[in-house]
Amino acid sequence: MHDPRLLVFTDPQMAEHDPGPGMPERSARLAAATAAVADRRGVEIRSPTPIGRGALLRAHDAAYLDAVLEAEGRPFAVDHETRGSAQTVMAARLAAGAVTQAALAVIDGPVRRAFALVRPPGHHAMRKLGMGFCFFNNVVVAALAARAEREVNRVLVIDWDVHHGNGTEDIFRGDEHLLFFSTHQGGQGFYPGTGLVSSGNALNVPLSAGAGDAAMLKAFREVLKPAADHFNPDLVLVSAGFDAHQDDPLAGLVATPEGFAALCREVIDIAETHAEGRLVLALEGGYDLPALTACIAACTDVLVA
């Protein structure tokens, strides 16, 4: 494509991951996501390659990692809701590969914006444990690859999924070169029950059920923007879950596609101000299929503008 504005990394093999009947994180999510970018002007779609063990080891404990990798080709379970089929390990390696290759691509240029449409998601995966539909922490693997393989010093991860990215916070903890910011639904009993306070290099803004576009945008402008100005990142990654949408079945925030587009403008501004425009969005949650398509389309409109 001549002069693309946005690189999209995805692969239909990721739809072959099957966590079992009745799970909201289902294969149809990938088709809904890719429908939002198909045949769009300014978009170039690329197929990722599976991530290798060495890159995954930067983020995950060897014993946990090898237990997952050795399950390739057969059904397995990390916990009661994080289950895999024979194709899951390859899908997870492709997902982490897509986000990592997107990050390296925007660093190398000339295109400075990318969207990784992936499943399984990643932001709940901790160093020694997968959970919440997540096996490998895709954005963390990408952040650490960028630091190890390119001249990138500081990476900012912004998480607007409705659930707190506890895995990202766990793996980032104590590393002054990494900053994590999250808006998410809080409250007693809401999954995963973390992210109620900020600590160290993690800035958490829990929101009450019923909060929506205005509350999220206020957090971005009043908390994230000053923190980004102080941190001065070289790369901006976004855990872009869309389960804060008002129609999503798993949560109680009432965000809209227009609200996510506004958040997208904020993260573009941060990337343009501090990181030479280097920005990657990585799909996390979002379980109402029409809402998922609409939100990704709204963000894509902003990214290719």
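Just so it is clear, the values below take in all heavy atoms, side chains as well, and ignore hydrogens, waters and symmetry mates.
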Would you check if there is a donor-acceptor pair between the side chains of [Y] and [X] at a distance under 3.5 Å?
X	Y	result
H164	E169	yes
D159	H123	yes
S85	E16	no

| Please walk me through it: do H274 and D229 pass side-chain hydrogen bond (donor to acceptor under 3.5 Å, both in side chains)? | CA-CA 8 Å; H274 299 287; D229 289 342; 2.8 Å; yes

Measuring from atom [atom1] of [X] to atom [atom2] of [Y], what distance do you get when rounded to the nearest 0.5 angstrom?
X	Y	atom1	atom2	result
L56	D61	CG	CG	12.5 Å
L117	T10	CG	OG1	5.0 Å
Q87	L94	CD	CG	12.0 Å

Look at the side-chain heavy atoms of Ile, Leu, Val, Met, Phe, Trp and Tyr, link any pair under 4.5 Å apart, and say whether [X] and [Y] land in one connected group.
X	Y	value
M90	F9	no
V302	L7	no
V8	L292	yes
V205	L263	yes

Look at the side chain of [X] and the backbone N and O of [Y], then say whether any donor-acceptor pair between them is shorter than 3.5 Å.
X	Y	result
D161	D243	no
T82	V78	no
R113	L6	no
S47	D11	no
H60	N137	yes
T34	A31	yes
R278	L235	no
R5	A305	yes
H184	G195	yes

Is any NZ, NE, NH1 or NH2 atom of the basic residue among [X] and [Y] found under 4.0 Å from an Asp or Glu carboxylate oxygen of the other?
X	Y	result
R58	E149	yes
R83	D18	no
R150	D108	yes
D234	R154	yes

Where [X] and [Y] come nearest, the two heavy atoms and their spacing:
X	Y	result
A96	I51	CB-CG2, 3.8 Å
V140	A59	CG1-CB, 3.8 Å
G122	E284	N-OE1, 2.9 Å

Tell me whether the rings of [X] and [Y] are parallel (<30°), tilted (30 to 60°) or perpendicular (>60°).
X	Y	value
H163	Y191	perpendicular
H17	F135	perpendicular
F181	F220	perpendicular
F172	F180	perpendicular

Show, in sequence, the C-alpha distance, side-chain angles and deciding distance for T256 and Q246, and conclude whether the side-chain contact (heavy atoms from CB on, under 4.5 Å) test is met. CA-CA 6 Å; T256 68; Q246 58 193 0; 4.1 Å; yes

Between M216 and T183, is a side-chain contact (heavy atoms from CB on, under 4.5 Å) present by the stated rule, with each step listed?
CA-CA 7 Å; M216 294 175 72; T183 56; 4.0 Å; yes

inquiry  = Quick one, V99 with F115, criterion side-chain contact (heavy atoms from CB on, under 4.5 Å). Give me CA distance, side-chain angles, the key distance, then yes/no.
reply    = CA-CA 8 Å; V99 183; F115 206 147; over 6 Å; no

